[in-house]
Number of protein chains: 2
Amino acid sequence: MLNHKRPTIDDVARLAGLSTATVSRFINGSAVVSAERAAKIKAAIQELHYTPHLAAQMLASNKTRAIGLLLPTISGAFFAPVLRGVETRAIEKGYSLLVHSTQAQAQNAAGKGTFKKILAEHNTDGLLIFAASVDATELSRLHSIGFPVVLLHQASPKEFSLPAITVENKNGVRALIDHLIEDHQRRRIVQLRGPENHDDTYWRDLGYRQSLEAHGIPYEADLIETGGFNTEQARQAMRRILTRGIHFDAVFAGDDESASGAMMALREAGWRIPQDAAVVGFDDLNLAEHLTPPLTTVHSPIEQVASEAVELLVKQIGGEAVPAETLLPTYLVRRNSCGCS
Amino acid sequence: MLNHKRPTIDDVARLAGLSTATVSRFINGSAVVSAERAAKIKAAIQELHYTPHLAAQMLASNKTRAIGLLLPTISGAFFAPVLRGVETRAIEKGYSLLVHSTQAQAQNAAGKGTFKKILAEHNTDGLLIFAASVDATELSRLHSIGFPVVLLHQASPKEFSLPAITVENKNGVRALIDHLIEDHQRRRIVQLRGPENHDDTYWRDLGYRQSLEAHGIPYEADLIETGGFNTEQARQAMRRILTRGIHFDAVFAGDDESASGAMMALREAGWRIPQDAAVVGFDDLNLAEHLTPPLTTVHSPIEQVASEAVELLVKQIGGEAVPAETLLPTYLVRRNSCGCS
DNA sequence: CTGTATGATGTAAACGCTTACAGTAAGCGC
DNA sequence: GCGCTTACTGTAAGCGTTTACATCATACAG
């Protein structure tokens, strides 16, 4: 395929009149090399356009200098910040990034287990696992072989402990619903829940319940639907709610993308936001600010979760201990969709 | 780090009472192995939980089974479909995906050239290069060594030919502006241009000019600003336009994200869309439909470009010839922001 | 029965690097 | 001058695969 046979470390060593060991040490900075020879090596590398063969480095050093990111699916506005956070920090730490969406794989005939072959042990030094992308069995296996792993937006299984990082879902939602109740006198608040296999769903629901309870408002099953953290699903969920003909004066959409869907459904039905119903989300994605009216939501440091996760992973790879659970703070962002001005 | 020393192909061979060559052939299906021994090998692999060491395979076979995706930056709603398209098709083809944002790298002290080390020749079998992520020198080098490359949303340099794939920018914009002029009688149409180093910018501008010209409308520099294919930049660009106090009755925002920013600026200034000014975008991202009013735009098959690009790359890797230029069709999507109902 | 394909398997040499180990030269205290 | 560090540098043995080549049955034509 390639025209030129690529230069190897031997070529560089020969041209510089030195041994491969010295060249290797210079390249990796793994030992001091005299200035004079360093210059020669540098020149030789330049001249030959030499780049180390990573596979060879991996094989010899038994390190891949790569981390894997496992996602359930790549879609929605949510994953851009995740990816950006992971990528930036990974590069910074000198790792390259292998991305794998487990959903694409599941649809594929090659099918389940593929990701193991592609990402697992041999190919990465560690794995970043996003909520709902890997099943418990596999997690358990990874844990049992002591493979470095960090869970994102997902709690560690009870049976064993894997470091997990996510945001303050419960308190964030608590503040959000409190605001709706206390500052805008809303009492019948629809909740569009996220996917059932998602930990964020659980905690957000808990925050919702706690806020209601604190204000003496009963939890009503009629006001609950599944929005799936997804615009289209949320839109349909909202339509179902509307069909029920029940009274409500606010909607907590689960996340911002769902809020967008909920708004559409409401508007289709002629509702005014926030007069007829306040709508609030969670995440504070870029789009939140651009909705009409601008969305009141909870700011979630998604990108920071991602880069912090890389940090934790790299620490683990280096053999350091890391906290079992990391929770990044969230805070309420008041815009207009709740009735604030 | 890992508890168990992992089994090698030798272990498998020993357990099965065969040679490593036979095991290797069985694993890769690179030659026929008698049914009897195949069974033995399979059993041995199972028993040992053997998985091939990819670095070793790469080194020995000189293939990585990985492709690299180079992006200028990972942000905005635009990259999610790109990534999804690439990822899905890559897996399908049996390749893993290395993602690298060249901007993150540029900011990094380690600095320029890093990506070469991480992604280039040795680590991937081919590269997908998104507009503006790699400079001409590097492209030229890749071309000169015959390394498989596909350019996305970027034309091939004139000096040499690299396969490129993008969408019908010019005709798409042409249809869009024609619509504004012919169906909505707009004649003073602001254009928010994309980044200057971006080919899409050039072609979209050309479509804009051609449409004006065809309708006998002069091209006015006053109506042009740089939106940078970016919400915030576009918002500010729009504000500058408003400050000029010039008359206009429509805005072609360059892309959908810019359209969102333009809408915000217009609304801030008390303009009604589309009555006071029509606003149109390009791409037809998810968000287009969710803006208020829903955005008239040009549908661009972003995900398809991405997956087609993988297809082209894999063909090249396999030694097949591929077309120098691929243009995927776009079409006008009329929603309300232009005045349609 | 010999000669020759044919098919399945084994042997061992790469692949390009890292790194343990073994020098070697220079500096220093005495 | 001697021995002991200190500071580099070189030699060569892996790392776990693939694969060209050799080998060895077996089958089949003549």
Side-chain angles (χ1 to χ4, degrees), chain A residues 1-2 4-42 44-45 48-66 94 117-118 120-123 125, chain B residues 1-2 4-42 44-45 48-66 117-118 120-125:
Chain A
M1 177 84 33
L2 304 183
H4 301 301
K5 184 149 182 41
R6 56 183 80 280
T8 71
I9 199 172
D10 292 284
D11 298 322
V12 175
R14 200 171 310 120
L15 183 59
L18 297 167
S19 74
T20 61
T22 306
V23 176
S24 170
R25 288 192 268 253
F26 169 77
I27 291 174
N28 301 298
S30 51
V32 190
V33 172
S34 71
E36 170 201 14
R37 313 200 190 205
K40 274 194 207 155
I41 296 176
K42 212 180 234 165
I45 290 180
L48 296 173
H49 287 288
Y50 169 76
T51 23
H53 191 302
L54 259 98
Q57 288 184 311
M58 289 179 200
L59 184 56
S61 65
N62 197 30
K63 295 211 177 318
T64 68
R65 291 254 110 198
K117 190 167 182 183
I118 309 215
E121 304 97 275
H122 294 303
N123 305 298
D125 291 343
Chain B
M1 179 81 32
L2 303 183
H4 302 301
K5 183 151 180 43
R6 56 185 73 278
T8 72
I9 199 172
D10 292 283
D11 298 323
V12 175
R14 200 171 311 120
L15 184 59
L18 296 167
S19 73
T20 62
T22 306
V23 176
S24 170
R25 287 192 269 255
F26 168 77
I27 291 173
N28 302 298
S30 51
V32 190
V33 172
S34 71
E36 170 201 14
R37 312 198 191 207
K40 275 193 207 155
I41 296 176
K42 212 181 235 167
I45 290 181
L48 297 173
H49 288 287
Y50 168 76
T51 24
H53 190 303
L54 259 100
Q57 287 185 313
M58 289 181 198
L59 182 57
S61 66
N62 197 30
K63 294 210 176 323
T64 69
R65 291 254 109 197
K117 187 165 183 185
I118 309 218
E121 303 98 275
H122 295 302
N123 306 297
T124 58
D125 291 344

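Labels below follow one simple rule: chain letters A, B, ... track the order of the sequence lines, proteins then strands, and each chain is numbered from 1. Excluded from the calculations below are hydrogen atoms, water molecules and symmetry mates; all remaining heavy atoms, backbone and side chain alike, are included.
Comparing D/dG16, C/dA8, D/dT9 by their closest approach to the side chain of B/S34 singles out C/dA8. Considering only side-chain atoms of A/N28, the nucleotide from D/dT17, C/dG10, C/dT18 that sits closest is C/dT18. Listed candidates were D/dT18, C/dT18, D/dG10. Nearest to the side chain of A/T20 is C/dT18. Side chain of A/T22, nearest nucleotide from D/dT9, D/dG16, C/dA8: D/dT9. Considering only the side chain of B/I9, D/dT18 comes nearest among D/dT18, C/dA20, C/dT18. Comparing C/dC17, D/dT19, D/dT17 against the side chain of A/P52 picks out C/dC17 as the nearest. Nearest to the side chain of B/A56, among C/dA20, D/dG14, D/dG16, sits D/dG16. Nearest to the side chain of B/L59, among C/dG16, D/dT18, D/dT9, sits C/dG16.
A/M58 has its CE atom 15 Å from the P atom of C/dG16, to the nearest Å. For the pair A/E36 CD and D/dC8 P, the computed distance is 12 Å after rounding to whole Å. In this structure, A/H53 places its NE2 atom 12 Å from P of C/dT18, rounding to the nearest Å. One can place CZ of B/R25 at 11 Å from C1' of D/dC21, the figure rounded to the nearest angstrom. The separation between A/F26 atom CZ and C/dC17 atom P is 15 Å, rounded to whole Å. Protein atom CG of A/N62 is 16 Å distant from nucleotide atom C1' of C/dA20, rounded to whole Å. At whole-Å resolution of the value, CG in A/D11 and C1' in C/dC17 are 13 Å apart. If you take NZ of A/K63 and P of C/dC17, they are 19 Å apart, rounded to a whole angstrom.
At a threshold of 4.0 angstrom between heavy atoms, the contacts of B/Y50 are confined to the sugar-phosphate backbone, with no base atom among them. At the heavy-atom level, B/R37 lies under 4.0 Å from the strands shown only through sugar-phosphate atoms. Looking at heavy-atom distances under 4.0 Å, A/S24 makes contact with a base.
Between A/S19 and D/dT9 there is no side-chain polar atom (N or O) within less than 4.0 angstrom of OP1 or OP2.
Listed for the B/T64 side chain is a donor-acceptor partner under 3.5 Å among the backbone atoms of B/D125. At distances below 3.5 Å, at least one donor-acceptor pair connects side-chain atoms of B/D11 with backbone N or O atoms of B/T8.
Side chains of B/V12 and B/F26 form no contact here, defined as non-hydrogen atoms less than 4.5 Å apart. Side-chain contact between B/I9 and B/S24: present, with at least one pair of heavy atoms (C-beta onward) separated by less than 4.5 Å.
Using a 3.5 Å distance cut-off with no hydrogens or angles, the side chains of B/T20 and B/D10 do not pair a donor with an acceptor.
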